[in-house]
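Written out below as structure tokens is the structure these notes cover.
In each ligand, atom 1 is the first atom listed, and ligand 1 is the first ligand listed.
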Amino acid sequence: MKRLTHNLMFCALAIGLGMSAGQALAGQQRSAAPPAGAAQMETIHAVLTAPPMVPPPTNRNVAAKVIVELEVIEQDMPISDGVSYNFWTFGGTVPGSFIRVRQGDTVEFRLKNAHDSHMPHNIDLHAVTGTGGGAEATFTLPGHETQFTFKALNPGLYVYHCAMPPVGMHIANGMYGLILVEPPEGLPKVDKEYYVMQGDFYTEGKYGEPGLQPFSLEKAIDEHPTYVLFNGAEGSLTGDNALKASAGEKIRFFVGNGGPNLISSFHVIGEIFDRVYIEGGSKYQENVQTTLIPAGGSAIVDFTADVPGNYVLVDHSIFRTFHKGTLGILSVDGEENHDIYTGQQSSKEYQPTAPEQR
Ligand SMILES: [Cu+2]
């Protein structure tokens, strides 16, 4: 009955837009030919991306059935130079694969747990309206696959995470990511979109201690992270991995905070956010220097890189940046514009003022 309602809604919407159902479906990535008459929601396989990349806009003016397939993989990966960690991941990366759908979409979610996993896992998507955000429906043993379906009722940028007990440990091991539910009209167009997500990590060894470092439950409970990182590793957004843009381009960061414990004071040194979609919702604030991102929350920040330079992504709780790894670079090339920023114009000694003349 529900499917029938969707079909009718789709037809009504397509006709209302003055197009045939076939036209409405044009340009979509199809998993199977629609049934005769095409009186059915388009079925699309979601394009998932590894950070810092973001899937392209949905560019749809009708809702669709979107199939998301995500595999949980437990694996050792570098967390810092010479230091590795056994991460638990959604899709093999920290944060997990970026998912992009549209408000009104019906999302068929398939969660796989790799055969060589040691733990059962599940997923709680904050974009889901329903018990546990899907966690109960996706209890998945190693080597198994589960499925549930939800309707993306609310637009916004949402965190997803594993919710298997001990929940904090699964999150601390890297089990989180972002799902964007676009509003029907989409987000304003920009030139570059990137995916950045902060997380705090707790290792037995101290910061920089080499080798494979086990998880420290004690440090996690005390909320004393060894590392606070963007995209799961020191250096994930620096050097050759720096984000790239050109002067004059409009840039959007989808920023998340997986926690499990800390809140983030997200700031880009040398830039001002033209718009911040506060907490990843529909309303935006303008002209923002630093935006607060709660654990299990997000923000969308838009700005124009007016002049070239290296802009530094930080958590402005600044000891984290210089002593725990919370550092990224946006490298902007292009023409200097000295009307906006000159760089150093002079550097010289000046005549001292006598104390009595001060
Ligand atoms: Cu898990």
* Asked: Does the separation of the ring centres of Tyr160 and Phe90 fall below 6.0 angstrom?
  -> yes
* To do: Step by step, work out the ring pair (Phe, Tyr, Trp, His ring centres under 6.0 Å) result for Tyr207 and Tyr227.
  => CA-CA 7 Å; Tyr207 174 81; Tyr227 297 88; 5.2 Å; yes
* Taking Glu182 as the fixed residue, which of Arg100, Arg102, Arg60 is the one that meets the salt bridge (Lys or Arg N to Asp or Glu O under 4.0 Å) rule? -> Arg100
* To do: Please calculate the ND1(His170)-the Cu ion (ligand 1)-SG(Cys162) angle and round it to 10 degrees.
  => 110°
* For atom CG of Asp81, is the number of surrounding heavy atoms from other residues, nucleotides or ligands below 6.0 Å larger than 12? -> no
* **Atom nearest to the Cu ion (ligand 1) - His121, N, O or S atoms considered** => ND1
* Taking both backbone and side-chain atoms into account, decide whether Met175 has an N/O/S atom under 2.8 Å from the Cu ion (ligand 1). => yes
